Amino acid sequence: MERLIAGYAQDGEHHWMARLDCGHLQHVRHNPPLASRPWVLTDEGRQSHLGNALTCTRCERFELPEDFVPYKQTPVFTEQTVPAALRKDHSTRKGVWARIHVLEGRLRYRVPAWNVDTVLTPDLPGVVVPEVLHSVEPLDSVRFRVEFHGAA
């Protein structure tokens, strides 16, 4: 999934990492002939690449950024109270991740763009990637809530 470079940080070995708008960090080394990124060597070069897109494989693996924390949660929904909007394709805003916690029962979780159609249970929560369309569908009796995460 393409994400935009929002800033930079350095790891413990002083290698540059791009902070993507999804919250993930990705190394952007200049390591010829494997990677030619001379722009990463200067502040001007890095600044000139702000807003450029990089592929974020961590988003594609549904990995919640390590430094994101919960800041809000929904009430508990049941198969009778789940809002109609959650049953249709919808997404969170840029930078907003979510975790779907099933307390009882089973909940179908679909992410059409990535061909994901899975069943969430109390032992298998779902992760919602920012700006990616998804929907849920109760399977029989279910109780679940959604927890929203943002940068600490």
Side-chain angles (χ1 to χ4, degrees), residues 1-31 34-35 37 40 46 49-152:
M1 165 167 223
E2 295 290 301
R3 296 297 191 173
L4 303 181
I5 298 174
Y8 299 94
Q10 286 184 301
D11 67 12
E13 298 176 1
H14 303 289
H15 295 288
W16 285 104
M17 299 180 295
R19 181 172 300 280
L20 304 178
D21 62 357
C22 59
H24 289 125
L25 293 170
Q26 185 176 117
H27 279 101
V28 285
R29 295 181 180 99
H30 177 56
N31 188 16
L34 302 174
R37 293 184 176 134
V40 79
R46 289 186 298 278
H49 279 72
L50 287 174
N52 286 6
L54 291 175
T55 299
C56 184
T57 57
R58 294 181 73 196
C59 279
E60 294 170 356
R61 292 190 307 257
F62 293 85
E63 292 181 21
L64 191 67
E66 294 173 9
D67 59 345
F68 275 41
V69 296
Y71 66 88
K72 181 172 93 173
Q73 68 182 12
T74 66
V76 173
F77 299 121
T78 68
E79 69 280 0
Q80 296 170 344
T81 63
V82 60
L86 298 185
R87 294 175 183 259
K88 299 184 290 187
D89 282 346
H90 64 284
S91 67
T92 60
R93 296 183 323 270
K94 182 179 288 201
V96 176
W97 287 77
R99 190 179 304 268
I100 303 169
H101 294 279
V102 175
L103 307 172
E104 292 176 14
R106 300 177 311 134
L107 184 71
R108 172 165 276 134
Y109 176 46
R110 292 188 181 111
V111 184
W114 294 350
N115 296 316
V116 170
D117 187 339
T118 191
V119 176
L120 307 179
T121 66
D123 296 326
L124 181 64
V127 174
V128 176
V129 179
E131 304 175 277
V132 176
L133 292 175
H134 61 281
S135 64
V136 296
E137 175 190 346
L139 300 174
D140 304 318
S141 178
V142 69
R143 293 179 61 244
F144 73 97
R145 64 179 167 75
V146 181
E147 182 179 77
F148 297 95
H149 292 244

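All values reported here derive from a predicted model rather than from experimental measurement. Note that these values count all heavy atoms, side chains included, but never hydrogens, waters or copies made by symmetry.
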Q. Can you name the side chain to side chain contact (heavy atoms under 4.5 Å, CB included) partners of E66, sequence neighbours left out?
A. R58

Q. Just by modelled atom types, is the H134 backbone N or O under 3.5 Å from a matching donor or acceptor in the H90 side chain?
A. yes

Q: Taking all non-hydrogen atoms of both residues into account, name the closest pair between D140 and E79 and its distance.
A: O-CB, 3.5 Å

Q) What are the two closest heavy atoms between V111 and L133, and how far apart are they? A) CG1-O, 3.6 Å

(Q) Donor-acceptor check, side chain of E104 to backbone of R143, threshold 3.5 angstrom: yes or no? (A) no

Q. In terms of heavy-atom contacts, does CZ of R93 have more than 12 from other residues, nucleotides or ligands at under 6.0 Å?
A. no

**Q.** Side chains of L50 and Y8 in contact at under 4.5 Å (non-hydrogen atoms)
**A.** yes

Q. Which pair of heavy atoms, one from C59 and one from W97, lies closest together, and at what distance?
A. SG-CZ2, 3.8 Å

Q: Please check if the side chain of H24 supplies one atom and the backbone of E63 the other of a donor-acceptor pair under 3.5 Å.
A: yes

Q | Which atom of W16 lies closest to which atom of A9, heavy atoms considered | A | CE3-O, 3.5 Å

Q.
Students often mix this up, so state it plainly: with edges at 30° and 60°, are the rings of Y109 and F62 parallel, tilted or perpendicular?
A. perpendicular

Q: Check step by step if side chain to side chain contact (heavy atoms under 4.5 Å, CB included) holds for F68 and R99.
A: CA-CA 11 Å; F68 275 41; R99 190 179 304 268; over 6 Å; no

Q) So, R145 side chain and P75 main chain: donor-acceptor pair closer than 3.5 Å or not? A) no

Q.
I need the T74 OG1 to L86 CG distance, nearest 0.5 Å.
A. 8.0 Å

Q. Once the angle between the rings of Y71 and F148 is folded into 0 to 90°, is it parallel (under 30°), tilted (30 to 60°) or perpendicular (over 60°)?
A. tilted

Q. Which heavy-atom pair separates S91 from V132 by the least distance, and what is that distance?
A. CB-O, 3.6 Å

Q. Under 3.5 Å, is there a donor-acceptor pair between the side chain of N31 and the main chain of A35?
A. no

Q: Working to the nearest 0.5 Å, report the span between CZ of R37 and CZ of R29.
A: 9.5 Å

Q) From D21 CG over to E131 CD, what is the distance, rounded to the nearest 0.5 angstrom? A) 6.5 Å

Q. Pick one: which of L4, L20, L25 meets side chain to side chain contact (heavy atoms under 4.5 Å, CB included) with C56?
A. L20

Q: Check the side chains of T55 and E2 for a donor-acceptor pair under 3.5 angstrom, ignoring hydrogens and angles.
A: yes

**Q.** Minimum heavy-atom distance between V128 and T92, given as atom pair plus value
**A.** CG1-CG2, 4.0 Å

